[in-house]
K.L.:
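Quick one: this structure, given as structure tokens, is what I'll be asking you about.
In what follows, chains are A, B, ... by sequence order, proteins preceding strands, each numbered from 1.
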Amino acid sequence: MEATKGRAGAILHVDLTSGLSESQPLDDEMARGFIGGFGLNHKLALDLIQPGLDPFSPDNPVILGAGALGGTIAPSSSKILATTKLPAPRAVGTVVGGSFGEALKYSGFDHVVVRGRSAGPAYLLLEDGTATVMTAEDLWGKDIYETTDILKSRHGPAASVIAIGPAGENLVRFAFCLVNKFSTLGRGGLGAVMGSKNLKAVVARGTRPIDVVHRRRFLRTANDVLDALCGLPYRDEWLKVGSSIAGLRARRGEDPDDPYSYARYLDNYWKGAMACPSCPVGCKFAVQLKGGRYAGELATMSMPLSGQRFWGPRFNVNDMEQAIENMLYCDKQGLDAKTASTIVDLAIQLYEDGVITEEATHGMPLRRDYETLVVLLEQISKREGIGDLLAEGYEAMIARYGSDVADRVALVKGMEAANEPRELFNGMAFSQITNPRGSYGVAGNNPTYLRGRSSDELRRYLRRLHVAEEAIERIVPGPDSLNLARLTKHTEDWFSAQSCLGICVRQPVMQCYNVENAAELYSAATGFETSPEELLKLGEKAWTALKLVNAREGFTREHDKFPELFFQPLERQGRQLPLTDYYGKPIARDDVERMIDDYYEERGWDVRTGLPTSTRLADLGLR
Amino acid sequence: MTTRRSKRQPIEVSPEKCAGCLICQLRCSLRFFGMPDPQRARIKVARAVGRVGSDISFTEECDNCGICAAFCPYDTLSKPSKGANGDGSD
């Protein structure tokens, strides 16, 4: 069978209840209209996700999608995207992880829609145009590492594996997956959705190559991007610390006695760089701990250095190994460490203040120390003791403890707002408020990641995104003046376009891809000639489609609510940090409301409701 | 039958440096088949279990052309520097 060029050409529908599956051709109209990945997942969500579903209902689908460039030689294009109604925000969202996207394409599918619930533990095996629901009785209860190792030894090293751990099996509301043991997938609780379907894993392996329409054109541009990535001046550092690189630079001349020094990490624990297929700037690491539960074992981690942030000094842990160990525990169990660490911190605070008593903890004192973390994380994953309540997340904790919890944590749509605007009110800190999937800032990441960007730099950034001059004028009206909310819209549209293509959005990849070469690669791969402006418009369409799905779920402006906590000054190392704009000017409630007004206006949405207008939907081809 | 392979030095491998990006497989298969097809590449790469890097081997069809080494971003593969006949001549 001759493959359709530029895509695998099929959308698979799997019903876990019956075990049956059916393949639907991915036709030109759908492919042109939504590109792939993020966009096409959202089209499928619009068609298939009934509003008002419980996330654990068998009718809640898990929609997997590769990007349109997945499986080609486009660098860093192997992303996998999964769309579902997520338990933590109770919103429909798309989570993104590295690798698997290319394997999905090689197995013959661009997208897979998984519905229903298997009677017993199962995994889905995708191979060369076929899908089989396999028993996972022998895998249930195993952690993600063990599960993945078994599946790879069973199906060969070329098999790509997404798996849940015990946390997902036990429906911990913030459970997620690991892809090939090293990439996280599913902030917001994808792991629990899969657990509710008794779906332990999805495995893809195949021999169906992806061809492109214009080979020479494609090769030329792919080679340019590859050269740019390999030539990045900071590449060597990146291969050691990945996305923690900003912190590494800030620490030149660090204190050798610092328990969390980069030198300590590199000398003792870092064993090598790991990469997703097609990527020359791998951001994952082989890590080996010397002591503790995982002594001597080789771990494969996305964010070992985030161990400090999540499990370190805030819990009086001043041992890097212990911090990484708890990070690794979360990875293996399939627990989102951002949420887990915030909830555990809350529980300890409540215990310290006498709100949670030893009756609630079954006699266990909750101390701010490593040993307590080990026990609490296990209790959460297994739903034992107070872990059973914590596993239910913020909603249940607020129901039990009211303002004692609600006043201590900044939540947006039921998820902690992890990007702290009081440290720097940047694109991520704003985007987490309005993202339809719940609090998630990555889609809004742009040069404002760093403090003090000049107006010229920001205008240059906008011109690179082909934003019209009149828009640039209202976004960057003058020196030290930035309309962050309007800027965020354009950043999100580019994120969305990249996510339709399956391109990674890590810093080095973002520096080497641009709207021109991305549009060129897409045009050459598919034969659908697409300008950079058209690509960005399709990105906007994909983003708006997700908003539309959530509008049907009842989300409005009311839910894009800036947490009250952020209006109080943040105490940081003895200093008080008030809420200010990106350039440091203090701002108050009505300034933030105006920002949200501006965001909707920039998107052409109704400012009062926060929803896309029918005019905008028609303009984007969504009605 | 003499193959072109027998005229070239084998690719030198440092398997512990392999990051698993599979770019070698993508480029090898692109050369032979006009499209990336890792399963048909003449270089086999499998992430090692329990140790850093990958298990790397070459199929019988490999002719040591060196395209894998030319594209490897992680210094895992290299063409020997002695010349194709191992004595400085080509």
K.L.:
Do B:Ser57 and B:Lys44 come close enough that some side-chain heavy atom pair is under 4.5 Å?
P.N.:
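Answer yes - side chains close enough.
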K.L.:
What pairs of residues pass the salt bridge (charged side-chain N to carboxylate O under 4.0 Å, His left out) test when at least one of them lies in residues 270-291 of chain A, not counting sequence neighbours?
P.N.:
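Pairs touching residues 270-291 of chain A that pass the test: none.
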K.L.:
Are any of the side-chain heavy atoms of B:Leu22 and B:Cys24 separated by less than 4.5 Å?
P.N.:
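Answer no - side chains too far apart.
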K.L.:
Output the option from A:Phe218, A:Phe285, A:Phe182 having the highest count of non-hydrogen pairs under 4.5 Å with chain B.
P.N.:
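The candidate making the most pairs under 4.5 Å is A:Phe182.
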K.L.:
Side chain, backbone, both or neither: which part of B:Phe33 has a non-hydrogen atom closer than 4.5 Å to chain A?
P.N.:
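Interface part for B:Phe33: backbone (N, CA, C, O).
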K.L.:
Tell me, do A:Ser160 and A:Asn180 make a side-chain contact under 4.5 Å, heavy atoms counted?
P.N.:
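Sidechains of A:Asn180 and A:Ser160: in contact.
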K.L.:
Might you point out which heavy atoms bring A:Asp211 and A:Lys5 nearest each other, and give the distance in Å?
P.N.:
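Closest approach of A:Asp211 to A:Lys5: OD2-CE, 3.5 Å.
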K.L.:
Could I get the full list of side chain to side chain donor-acceptor pair (under 3.5 Å) partners for A:Thr300, not counting sequence neighbours?
P.N.:
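A:Thr300 satisfies side chain to side chain donor-acceptor pair (under 3.5 Å) with A:Tyr145 only.
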K.L.:
Is A:Ala286 in contact with chain B via its backbone, its side chain, both, or neither, using a 4.5 Å heavy-atom distance?
P.N.:
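For A:Ala286, the contact with chain B is made by the side chain alone.
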K.L.:
Output the option from A:Ser76, A:Cys276, A:Ser153 having the highest count of non-hydrogen pairs under 4.5 Å with chain B.
P.N.:
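Answer, by heavy-atom pair count under 4.5 Å with chain B: A:Cys276.
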K.L.:
At a heavy-atom distance under 4.5 Å, which candidate from A:Ala273, A:Ala299, A:Gly282, A:Cys279 has the highest pair count against chain B?
P.N.:
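Most heavy-atom pairs under 4.5 Å with chain B: A:Cys279.
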K.L.:
Could you have a look at A:Leu229, A:Leu239, A:Asn223 and say which one has the most heavy-atom pairs with chain B under 4.5 angstrom?
P.N.:
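Heavy-atom pairs under 4.5 Å are most numerous for A:Asn223.
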K.L.:
Does any heavy atom of chain B fall under 4.5 Å from the side chain of A:Leu219, the backbone, both, or neither of them?
P.N.:
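Side chain of A:Leu219 only, per the 4.5 Å heavy-atom cut-off to chain B.
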K.L.:
Check each atom of A:Val212 against the heavy atoms of chain B and say whether the ones under 4.5 Å are side chain, backbone, both or neither.
P.N.:
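Nothing of A:Val212, per the 4.5 Å heavy-atom cut-off to chain B.
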K.L.:
For B:Val13, does its backbone N or O pair with a side-chain atom of B:Lys17 as donor and acceptor, under 3.5 Å?
P.N.:
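Not a single qualifying donor-acceptor pair exists.
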K.L.:
Where on A:Cys230 is there a heavy atom nearer than 4.5 Å to chain B: the side chain, the backbone, both, or neither?
P.N.:
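Just its side chain gets close to chain B.
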K.L.:
Who wins among B:Val52, B:Asp55, B:Val49, B:Val45 for the most heavy-atom pairs under 4.5 Å with chain A?
P.N.:
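Answer, by heavy-atom pair count under 4.5 Å with chain A: B:Val52.
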